[in-house]
Amino acid sequence: MDLFNGQSEAPKAKAGAGTAPLAARMRPQALNEIVGQQHILGEGKLLRRAIEADRFSSIILYGPPGCGKTTLSEVIAKTTDRRFERTSGVLANVAILRKILEGAKHWKKMNGKDTVLFIDEIHRFNKSQQDVLLPYVEDGDIILIGATTHNPFYFINTPLNSRSQIFQLQALDEEEIVDVLKRALIAPKGLNDYVTASDEGLSHLAAVCEGDARRALNALEIAALTTAPAEDGSVHLSRHEIEESVQKKAVVYDHDEDEHYDTISAFIKSVRGSDPNAAVYWLAKMLYAGEDPRFIARRLIILASEDIGNADPRGLTLAVSAMQAVEFIGMPEARITLSQVTTYLACAPKSNAAYLAVNKALNDVENGRTLPVPKHLQSGPKPDQGDVKYQYAHNGEDHFVDQQYIPTDTIYYEPTNQGYEDIIRKRIEHWNALRKKK
């Protein structure tokens with residue numbers, strides 16, 4: 001029996017040719033069919049109430065691939081009593097946009113009804129294209145639904161953002177992906193009960209697809225089409241068949257947007273938090289996804305000063321050396337050097353005292369009275385220098401003399417008791433004791 005049209009024929013590798021892909025056939029048609037996104041679509045939530053009442057304003061749907069942005073937009077199209085138009089940031093230019101927008105304006109004038117304009121990948125519109133939308137949104141000629149995988153606060157004009165409600169959709173968790181797959185197995189428009197799959201196989205597929213329902217359904221369809229059927233025409237997918245059908249795991253990682261910044265943030269916070277295992281995992285993810293190793297090395301240099309500082313001054317030296325090594329040897333060997341410095345810094349004693357010191361001093365310079373340089377510290381003798389003379393520190397006990405270096409008692413640098421900084425702290429306490437002896 002054919003998997004897709006119900007005719008009595010065993011499934012073949014080319015079954016489904018000429019029909020819509022499984023992911024398209026399984027696209028939900030109503031709010032209750034949408035899996036996940038309960039934080040915005042659950043009972044009583046704002047977006048659900050607005051859709052059901054058909055009283056919503058312009059919205060921007062923001063989230064990773066395969067989380068349901070287009071699906072939600074099409075459900076809105078089916079439930080609203082308004083005219084619906086759609087285009088894409090890939091296909092539409094200014095001329096096409098103006099034609100759609102003027103048509104919407106004319107429609108409202110003639111029929112008294114709004115047009116909902118869905119723009120997929122709206123982040124691909126440049127500033128000029130986004131500016132074309134603004135007056136029509138502002139005048140109420142269209143209600144905009146924009147879908148984007150990019151952070152709208154960075155990629156969509158501020159005036160357009162301010163006139164829209166922004167809803168962030170989340171990647172589906174593994175249980176939700178499994179739910180989507182099980183629905184596809186039994187649905188008449190899906191695989192119609194002629195394909196079964198082991199729970200272990202479905203769980204593996206859900207984990208591999210990392211929250212992307214479209215990718216999971218596409219992989220399930222490939223597995224079904226490429227697995228030999230039994231005598232009755234049915235197909236059973238074990239974990240082995242699913243693993244064979246799913247190609248190399250693709251790491252979800254964009255090189256200049258959220259996933260890039262989220263992963264480097266997790267990496268830095270893991271090193272700061274002294275977890276070498278987590279740190280080296282995030283390092284591996286970035287390298288596997290093709291991140292520039294020089295970017296990682298630069299961030300490690302910053303961390304070596306900001307989070308380790310004088311608790312282990314060797315950390316900065318090692319980080320700078322790693323940067324030079326990365327430039328010199330390149331990938332893939334540079335991964336070894338980056339792993340070495342990552343694990344070293346993660347296991348090093350931590351102190352942000354130097355970081356806090358300069359921030360505190362900068363704040364005083366910016367917001368307080370600018371302090372004059374004491375006369376005895378100025379370069380060369382001055383006519384009004386007075387009786388206070390500069391004292392050469394090396395002539396004093398322990399190469400230290402008690403003299404004023406700044407006209408304030410503010411303490412900027414407060415060393416901790418971590419690592420080498422504990423020695424520095426004790427040295428400062430010794431100098432303070434010498435001052436009290438005077």
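Numbers here are sequence positions counted from 1.
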(message) As a test of understanding, state which of I166, I143, I40, L47 forms a side chain to side chain contact (heavy atoms under 4.5 Å, CB included) with I59.
(response) L47

(request) Starting at OG1 of T263, measure out to OH of Y281 and round the result to the nearest 0.5 Å. (result) 9.0 Å

(request) Answer yes or no: are there more than 12 heavy-atom neighbours, outside R427 itself, under 6.0 Å from its atom CZ? (result) yes

(message) Quick check for you: to the nearest 0.5 Å, what is the distance between Y355 atom OH and L303 atom CG?
(response) 11.5 Å

(message) Between E421 and P349 (side chain of the first, backbone of the second, donor and acceptor by atom type, cut-off under 3.5 Å), is there such a pair?
(response) no

(message) Can a donor-acceptor pair be found, under 3.5 Å and without considering hydrogens, that links the side chain of E306 to the backbone of I302?
(response) no

(message) Keeping D139 on the side-chain end and D141 on the backbone end, is there a donor-acceptor pair under 3.5 Å?
(response) no

(request) Ignoring hydrogens and angles, tell me if any N or O in the side chain of E366 forms a donor-acceptor pair with the backbone of N363 under 3.5 Å. (result) no

(request) May I ask you to decide if L144's main-chain N or O and S58's side chain share a donor-acceptor pair within less than 3.5 Å? (result) yes

(message) Quick check for you: to the nearest 0.5 Å, what is the distance between N93 atom CG and T87 atom OG1?
(response) 9.0 Å

(request) Determine the sole option in R98, K108, E102 for which the side chain to side chain donor-acceptor pair (under 3.5 Å) test with Y136 is passed. (result) E102

(request) Going by the side chain to side chain contact (heavy atoms under 4.5 Å, CB included) test, name the single residue among T70, T71, I76 that passes it with E74. (result) T70

(request) Look at the side chain of K426 and the backbone N and O of N417, then say whether any donor-acceptor pair between them is shorter than 3.5 Å. (result) no

(message) Would the distance check show the side chain of Q391 and the main-chain N or O of Q403 forming a donor-acceptor pair, the cut-off being under 3.5 Å?
(response) no

(message) If you count every heavy atom of other residues, nucleotides or ligands that lies below 6.0 Å from Y405 atom OH, does the total exceed 12?
(response) yes

(message) Counting neighbours of NE2 on H106 that are heavy atoms of other residues, nucleotides or ligands and sit closer than 6.0 Å, is the number greater than 12?
(response) no

(request) Measure the shortest side-chain to side-chain distance between L220 and L237 over non-hydrogen atoms and say whether it is less than 4.5 angstrom. (result) yes

(request) Measure across E176 and L172 and return the closest heavy-atom pair with its distance rounded to 0.1 Å. (result) OE1-CA, 3.3 Å

(message) Check whether Q130 reaches the backbone of F155 with its side chain - one donor and one acceptor, N or O, closer than 3.5 Å.
(response) yes

(message) Under a plain distance cut-off of 3.5 Å, with no hydrogens placed, do Y413 and N310 share a side-chain donor-acceptor pair?
(response) yes

(request) Answer yes when E221 and R25 have at least one side-chain N-carboxylate O distance shorter than 4.0 Å, and no when they do not. (result) yes

(request) State, to 0.1 Å, how close E121 and S88 come at their nearest heavy-atom pair, and which atoms those are. (result) OE2-OG, 4.5 Å

(request) Supply the atom-to-atom distance I264 CD1 to L283 CG, rounded to the nearest 0.5 angstrom. (result) 8.5 Å

(request) For the residue pair H399 and H394, categorise the inter-ring angle as parallel (less than 30°), tilted (30 to 60°) or perpendicular (more than 60°). (result) perpendicular

(message) Looking at F56, I'd like to know if the NZ or CZ of R82 sits under 6.0 Å from its six-membered ring centre while staying within 45 degrees of the ring's axis.
(response) yes

(message) Checking side-chain polar atoms at under 3.5 Å, does E85 have a donor or acceptor matched by the opposite partner on T115?
(response) no

(message) Donor-acceptor check, side chain of D307 to backbone of K350, threshold 3.5 angstrom: yes or no?
(response) no

(message) For the backbone of V208 and the side chain of R215, can you confirm whether one donor and one acceptor N or O come within less than 3.5 Å of each other?
(response) yes

(message) Looking at E327, I'd like to know if its CD atom is crowded, meaning that more than 12 non-hydrogen atoms belonging to other residues, nucleotides or ligands lie closer than 6.0 Å.
(response) yes

(request) Answer yes or no: is there an ion pair linking K182 with D179, defined by an N-O contact shorter than 4.0 Å? (result) no

(message) Nearest 0.5 Å, please: how far is CD in E429 from CG in N432?
(response) 7.5 Å

(request) Identify which one of I145, I119, T148 satisfies the side chain to side chain contact (heavy atoms under 4.5 Å, CB included) criterion when paired with I60. (result) T148

(message) Would you compute the distance between atom CG of L160 and atom CZ of F125 and round it to the nearest 0.5 angstrom?
(response) 10.5 Å

